[in-house]
Amino acid sequence: MLTDLQTHKLTRAFHVADANHDGLIKRDDYEHHAERMAAAFSTPSDSSAYATIHAQLMRDWEGVRQFVAQGEDQVTLNDWLAFFDMLIHSPTFETWVTTYIDGSFELWKTVDPQGPTDGINVERFAKFYSAYGVDADAARASFAKMDTDSDGFMSRAEMIAASRDFFSSDDPSAPGNWLYGEI
């Protein structure tokens, strides 16, 4: 069963994913994120990079549709919370976290091919999260909390740890709680 803190964080993630704020996550929310991701990184809509961004986010949507919504065309908050309750208590959770971060790395390589390949700096992080409606200042504050060695760069290992904390930790001081902004 999800704790109050986990429920709070996962509800925040749901609202970040719900781009049009209609209380449901649907394909058009993922379409919106693809458009905003391209805009944040000045990626032309007629480019191969845009096609890659769009394709990856549509794959993400299909995964959410199949696993969270069980084939339905929309995800409710209750669906979302039930899925993550099951996931964080399953033996596949660690694999899911790693896959989640590696998917982010693939998007970063597409939208910012000149950027770092082994992690993320604060500016890339802020641009990336702007596609999900997270304010740049809030993203920078989140980055500072999750950059646990304070070197101005989050490595893949730091990102995995932050994601693990966000989705599963019940520790209110866990750095990963800040993944989608202040909790």
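All figures in this text were calculated on a predicted structure; none of them were measured in a lab. Note: hydrogens, waters and symmetry copies are ignored here, and every other heavy atom, side chains too, is used.
Screening residues 43-67 for ring pair (Phe, Tyr, Trp, His ring centres under 6.0 Å), with sequence neighbours left out, gives Tyr30-Trp61.
Looking at Asp73 and Arg65, a side-chain N of the basic residue comes within less than 4.0 Å of a carboxylate O on the acidic one, giving a salt bridge. Using a 4.0 Å cut-off between charged nitrogen and carboxylate oxygen, Arg140 and Asp137 count as a salt-bridge pair. Between Glu31 and Arg27 a salt bridge is recorded (basic side-chain N to carboxylate O distance below 4.0 Å).
Across all their heavy atoms, Thr43 and Ala49 have their closest contact at CG2-CB, 3.7 Å. The nearest pair of heavy atoms linking Ala69 to Val75 is CB-CG2, 3.6 Å. The two residues Ile160 and Val97 have their closest heavy-atom pair at O-CG1, 3.6 Å. Taking every heavy atom of both residues into account, Ala19 and Asp29 meet most closely at N-OD1, 3.0 Å. Contact between Ser169 and Ala174 at its shortest, heavy atoms only, is OG-CB, 3.6 Å. Closest approach of Thr148 to Pro175, counting heavy atoms only: CG2-CG, 4.0 Å.
Both Phe93 and Phe83 are assigned to one and the same hydrophobic cluster, defined by single-linkage of ILVMFWY side chains at heavy-atom distances under 4.5 Å. Taking hydrophobic clusters as Ile, Leu, Val, Met, Phe, Trp and Tyr residues chained together by side-chain heavy-atom distances below 4.5 Å, Leu24 does not share a cluster with Met58. By the criterion of side-chain heavy atoms lying less than 4.5 angstrom apart, applied directly or through intervening Ile, Leu, Val, Met, Phe, Trp or Tyr residues, Phe14 is grouped together with Leu87 in one hydrophobic cluster.
Checked against Asp79 for a side chain to side chain contact (heavy atoms under 4.5 Å, CB included), the options Leu81, Leu77, Thr76 give a single hit: Thr76. Paired with Phe166 under the rule ring-ring contact (aromatic ring centres under 6.0 Å, His included), one option of Trp178, Phe84, Tyr100, Tyr180 passes, and it is Tyr180.
In this structure, the side chain of Trp80 does not engage the main chain of Thr11 through any donor-acceptor pair within 3.5 Å. Of the possible polar contacts, one joining the Asn177 side chain to the Pro172 backbone as a donor-acceptor pair under 3.5 Å is found. The backbone N or O of Met37 lies less than 3.5 Å from no partner atom in the side chain of Lys127, so there is not a single donor-acceptor pair. Distance alone, capped at 3.5 Å, places no donor-acceptor pair between the Arg36 side chain and the Phe128 backbone. Judged purely by atom type and a 3.5 angstrom limit, Lys109 has no side-chain atom pairing as donor or acceptor with the backbone of Ser104. Between the side chain of His33 and the main chain of Ala131, a donor-acceptor pair closer than 3.5 Å is present. When atom types are taken as modelled, the side chain of Asp147 and the backbone of Ala144 share no donor-acceptor pair closer than 3.5 angstrom. With Asp18 contributing its side chain and Asp22 its backbone, the two residues share a donor-acceptor pair below 3.5 Å. Checked by atom type and distance alone, the side chain of Ser168 pairs as donor or acceptor with a backbone atom of Arg164 at under 3.5 Å. In this structure, Gln66 contributes its side chain and Gly63 its backbone to no donor-acceptor pair below 3.5 Å.
Checking His8 against Asp4 by side-chain atom types alone, no donor-acceptor pair falls below 3.5 Å. A donor-acceptor pair shorter than 3.5 Å cannot be found between the side chains of Thr99 and Asp102.
Not counting sequence neighbours, Asp46 has no partner by the salt bridge (Lys or Arg N to Asp or Glu O under 4.0 Å) test. Remark: Ser173 pairs with Asp171 by the side-chain hydrogen bond (donor to acceptor under 3.5 Å, both in side chains) rule, at least two apart or across chains.
Counting non-hydrogen atoms of other residues, nucleotides and ligands closer than 6.0 Å to CD of Glu62 gives a total above 12.
Looking at Phe143 and Ile120, their side chains come closer than 4.5 Å, going by heavy atoms from C-beta outward. You'll find the side chain of Glu158 reaches within 4.5 Å of the side chain of Asp149, heavy atoms only. When side chains are defined from C-beta on, Thr110 does not count as touching Glu106, because their heavy atoms never get closer than 4.5 Å. For the pair Ser163 and Leu179, the minimum side-chain heavy-atom distance is below 4.5 Å. In this structure the side chain of Ile88 reaches within 4.5 angstrom of the side chain of Gln6, judged on heavy atoms. Here the side chains of Leu57 and Leu107 are in contact, with some heavy-atom distance below 4.5 Å.
Ring orientation note: the planes of Phe125 and Tyr129 are tilted relative to one another, at an angle of 30° to 60°.
Atom CE in Met154 sits 4.5 Å away from atom CE in Met159 (nearest 0.5 Å). To the nearest 0.5 angstrom, Phe105 atom CZ is 11.0 Å from Thr98 atom OG1.
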